[in-house]
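Notes follow the structure.
A, B, ... follow the sequence lines: proteins, then strands. Residue 1 opens every chain.
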Number of protein chains: 2
Amino acid sequence: MTSKFTTAVHILTCIDIFGEQMRVTSDFLSGSTGVNAVIIRNVLAQLRSAGIVTTRQGSGGAHLARPLNEITLYDVYKAVECIDDEGLFRFHENPNAKCPVGRNIHKVMDGRLSAIQTAKENELKSVTLAEIVADTKKIISEE
Amino acid sequence: MTSKFTTAVHILTCIDIFGEQMRVTSDFLSGSTGVNAVIIRNVLAQLRSAGIVTTRQGSGGAHLARPLNEITLYDVYKAVECIDDEGLFRFHENPNAKCPVGRNIHKVMDGRLSAIQTAKENELKSVTLAEIVADTKKIISEE
DNA sequence: AAAGTTGTAATATTATCTATTTCAACTTTT
DNA sequence: AAAAGTTGAAATAGATAATATTACAACTTT
């Protein structure tokens, strides 16, 4: 499990909150998140590939590619964590095909576990960044 | 993420399916799962602490401590993966407290993410090992 | 007493995430 | 045109965690 998902949400929140007043560079985001600037650029690259942000060489600064209420946590998660490769659970990789349990346990569990995966994804889809940013602004204003 | 959860389900399935005919030792389970025998014994120790299996030094062989339909996937998951320590997501650990976003993002996301955690746990609670074993036996009989 | 097993600690290996270094390509400013 | 600051990306290093391995004491049965 990586921390790229929460880092990405942090990044997007910063872009929205600070983007109008200043240039949100990878260096600034590195300072806010405490994550190395190169990692930030990697995450931004993944968000860019997913059509969530725009970046430009030279001029610098990241911008949202679409409105906050059209970006769900699932979109962000899918962009930065490789969902297809591995699900919520990790299988032991070398079950013995000569054992009737060993050669079938993966198949048996897959169906049950993918239901859980789906439940997680549906929860992620139900939250947009607009809500995250609204919550953040509210907390900041009450400080 | 570890593979101890799926390994544990595999182990419990084996205990039920093979337990009447033979002694299900850590060595046998190592052969069926492809997981090192010491790791198997560690998993068994965790399942024993959770009151799911019984083991004995010397005589060998693991046994179920209660009926399959009284063991949910959640029981197994809780026994072998430290649920409290870390949730479904991993946070970047050093957000900048001097940044209004940095010092609040964790709090903002926590509520949303724990809802997802709960959804996952509820799904895990809804499946018992009795169903896993029934599915496995069905597939074996059709081979 | 011998053989086989569990329980457990200590160490090694492996995989993976994160950080770091480096530099070319690009944009804006002077 | 030059300088300063930035992104994109590759290569390497470091840190962390999961898994495997080794070793052996304690235990049970034959």
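- Nearest heavy atom pair, residue A/Leu44 against residue A/Val53, reads O-CG2, 3.8 Å.
- By the 30° and 60° cut-offs, the orientation of the rings of B/Phe18 relative to B/Phe28 is perpendicular.
- Heavy-atom neighbours of B/Glu143 CD from other residues, nucleotides or ligands within 6.0 Å: above the threshold of 12.
- Rounded to whole Å, the distance from NE2 on A/His63 to P on D/dT6 is 13 Å.
- Results of the side chain to side chain donor-acceptor pair (under 3.5 Å) test with B/Tyr77 over B/Glu121, B/Lys125, B/Lys120 single out B/Lys120 as the only residue that passes.
- Within the 4.0 Å cut-off from OP1 or OP2 of C/dG7, at least one side-chain nitrogen or oxygen of B/Thr55 is found.
- Atom pair A/Leu29:CG and D/dG8:P shows a separation of 12 Å (rounding to whole Å applied).
- Taking atom CG of A/Leu44 as the reference point, atom C1' of D/dT6 lies 12 Å away to the nearest angstrom.
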- Query: What one-letter contact string describes nucleotides 18-26 of chain C from 5' to 3', where B marks a base within less than 4.0 Å of any protein heavy atom, S marks contact via sugar-phosphate atoms alone, and - marks no contact?
  - Reply: SBBB----B
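- Side-chain N/O atoms of B/His63 and B/Thr54 include no donor and acceptor closer than 3.5 Å.
- When the side-chain nitrogen and oxygen atoms of A/Arg48 are compared with OP1 and OP2 of D/dG8, one or more of them lie within a distance under 4.0 Å.
- Distance A/Gln46 CD to D/dT7 C1': 16 Å, rounded to the nearest Å.
- Paired with A/His92 under the rule side chain to side chain donor-acceptor pair (under 3.5 Å), one option of B/Thr2, B/Thr33, B/Thr6 passes, and it is B/Thr6.
- In this structure, B/Arg56 does not reach the C/dG7 phosphate: none of its side-chain N or O atoms is under 4.0 Å from OP1 or OP2.
- Atom CD of A/Glu93 is separated from atom P of D/dA18 by 15 Å (rounded to the nearest Å).
- Base pairing of D/dT30: its partner is C/dA1, meeting the Watson-Crick or G-U wobble criterion (both donor-acceptor distances under 3.5 Å).
- Looking only at atom types and distance, the side chain of B/Asp27 has no donor-acceptor partner in the side chain of B/Ser30 under 3.5 Å away.
- One atom, CG of B/Asp27, and another, P of C/dG7, lie 14 Å apart when rounded to the nearest Å.
- As rounded to whole Å, 17 Å separates atom C1' of C/dT6 from atom CZ of B/Phe28.
- We find that CD of B/Glu81 is positioned 14 Å from P of D/dA17, with the value rounded to whole Å.
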